[in-house]
Number of protein chains: 2
Amino acid sequence: MPHPPLPDSDAAAQADRFSHARTAQSMTLLEDYTEMIDDLVRAHGEARITDIAHLMGVTHPTATKAVARLKREGLAVSRPYRGVFLTEAGNAMAARVRARHRIVVDVLLALGVPADAAEIDAEGMEHHVSAATLAAFEAYLRR
Amino acid sequence: MPHPPLPDSDAAAQADRFSHARTAQSMTLLEDYTEMIDDLVRAHGEARITDIAHLMGVTHPTATKAVARLKREGLAVSRPYRGVFLTEAGNAMAARVRARHRIVVDVLLALGVPADAAEIDAEGMEHHVSAATLAAFEAYLRR
DNA sequence: GCCAAATTGTAGCCTTGGCTCTATCTTCTG
DNA sequence: CAGAAGATAGAGCCAAGGCTACAATTTGGC
């Protein structure tokens, strides 16, 4: 038994935080694409692979793969050479993500973050905002 | 020419935000490990692979791979079967990351986020906090 | 000082999310 | 209504970051 310190409970808690952050990361793709598809359907009546890819800043095979995952997870449906559409679950996720994004940006703005930085940072931060934190943000925005 | 809408500038800006978030993600590993190694060196005089792995919540080969990357990037040094230590650059990164983490947690707490949620969420959010946002956070904390 | 246990290293596999290249299908235009 | 242009699909490659299994090295206790 070498190094004595480091209570096991603390170590476990810290490991959990990192594991949690890694897991959250895997949701990022689903959340970003569902919101994007929702945006496109609202704007154009459908979401095309090319538009999704363009807006996400990836190539179209990458977008195709992502959509395949959305379909596997029951968030989207599509038929070959036709557009992509969200399922009920997909719409629910899109609505949730959209609301959360809005709140995160608003909080950043309220804290004095410049608008462009707020948009950029929110895009990455929002996926790590838990329900508890989101609730606190909402309460704060209502003063 | 199919769908007319979507000004190209907006599309490009949005694509940039997503690309940026993806790139930031690749820094996460470096930042987390350098801070962890710094913690361990402070506490024990050295950072052992086993302890790093344990605290990060991964297996030791994963920690070894991460350390290999840190060494490739000039952030850490180590000799076989000896501990891992940070370089100048590594120490600088650790200091920066530690300070940023503190600030993010403090901002969350100031906004009324429960302490446990603040710690968990900060672990994921902090990597997406830009210099501009960090400056705004600091200003806010100083009232 | 030796042997067992702990630690570290290494090889090889998996998944994810990027990419390029090529083939196929749709759509638009002349 | 045929061909060209554009959009979608699909195969196959790569790197990152997990993992397990196994080999080698250090270390601690007797």
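Model, not experiment: these values are computed from the prediction. Per chain, numbering begins at 1; letters A, B, ... match sequence-line order.
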**Fill in**
Taking for B:Y81 and for A:L29 the nucleotide of DNA chain C with the nearest heavy atom, the one nearer the 5' end belongs to B:Y81

Measure from [atom1] on [X] to [atom2] on [N] and round the result to the nearest Å.
X     : N      : atom1 : atom2 : answer
A:L40 : D:dA7  : CG    : P     : 14 Å
B:R79 : D:dT25 : CZ    : C1'   : 14 Å
B:F18 : C:dG17 : CZ    : P     : 14 Å
A:M27 : C:dT16 : CE    : P     : 14 Å
A:R48 : C:dT26 : CZ    : P     : 15 Å
A:E46 : D:dA7  : CD    : C1'   : 11 Å
A:R69 : C:dT16 : CZ    : C1'   : 8 Å
A:D51 : D:dT8  : CG    : C1'   : 12 Å

**Prompt:** Got a sec, which residues hit ring-ring contact (aromatic ring centres under 6.0 Å, His included) with B:H128, two or more places apart in sequence or on another chain?
**Reply:**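 ring-ring contact (aromatic ring centres under 6.0 Å, His included) list for B:H128, sorted by chain: A:H128.
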
Would you mind telling me which of [options] lies closest to the side-chain atoms of [X]?
X     : options               : result
A:T59 : D:dT8, D:dT26, C:dT20 : C:dT20
B:T50 : C:dG12, C:dT7, C:dG18 : C:dT7
B:V58 : D:dG18, C:dG9, D:dT8  : D:dG18
B:I49 : D:dA9, C:dT8, D:dC19  : C:dT8

Can you see if the side chain of [X] gets near the phosphate of [N] - specifically, an N or O under 4.0 Å from OP1 or OP2?
X     : N      : result
A:T62 : C:dC19 : yes
B:R82 : D:dT27 : yes
B:R22 : C:dG17 : no

Is it the case that the side chains of [Y] and [X] hold a donor-acceptor pair, with the cut-off being a distance below 3.5 Å and no angle test?
X      : Y      : value
A:S130 : A:T133 : yes
A:E35  : A:H101 : no
B:H54  : A:Q14  : no

**Prompt:** In terms of the nearest nucleotide of DNA chain D, which residue is placed more toward the 5' end: A:K65 or B:K65?
**Reply:**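 Result: A:K65.
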
**Request:** Classify the nucleic acid contact of B:P61 as base, sugar-phosphate or nothing, counting any heavy atom under 4.0 Å across all strands shown.
**Result:**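 Answer is base: heavy atoms of B:P61 come under 4.0 Å of a base.
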
**Item:** B:H60-C:dT7 aromatic stacking (under 5.5 Å, under 30°)
**Value:** no

**Asked** Quick one: are A:L111 and A:V107 in side-chain contact, heavy atoms under 4.5 Å?
**Response**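 A side-chain contact under 4.5 Å exists here.
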
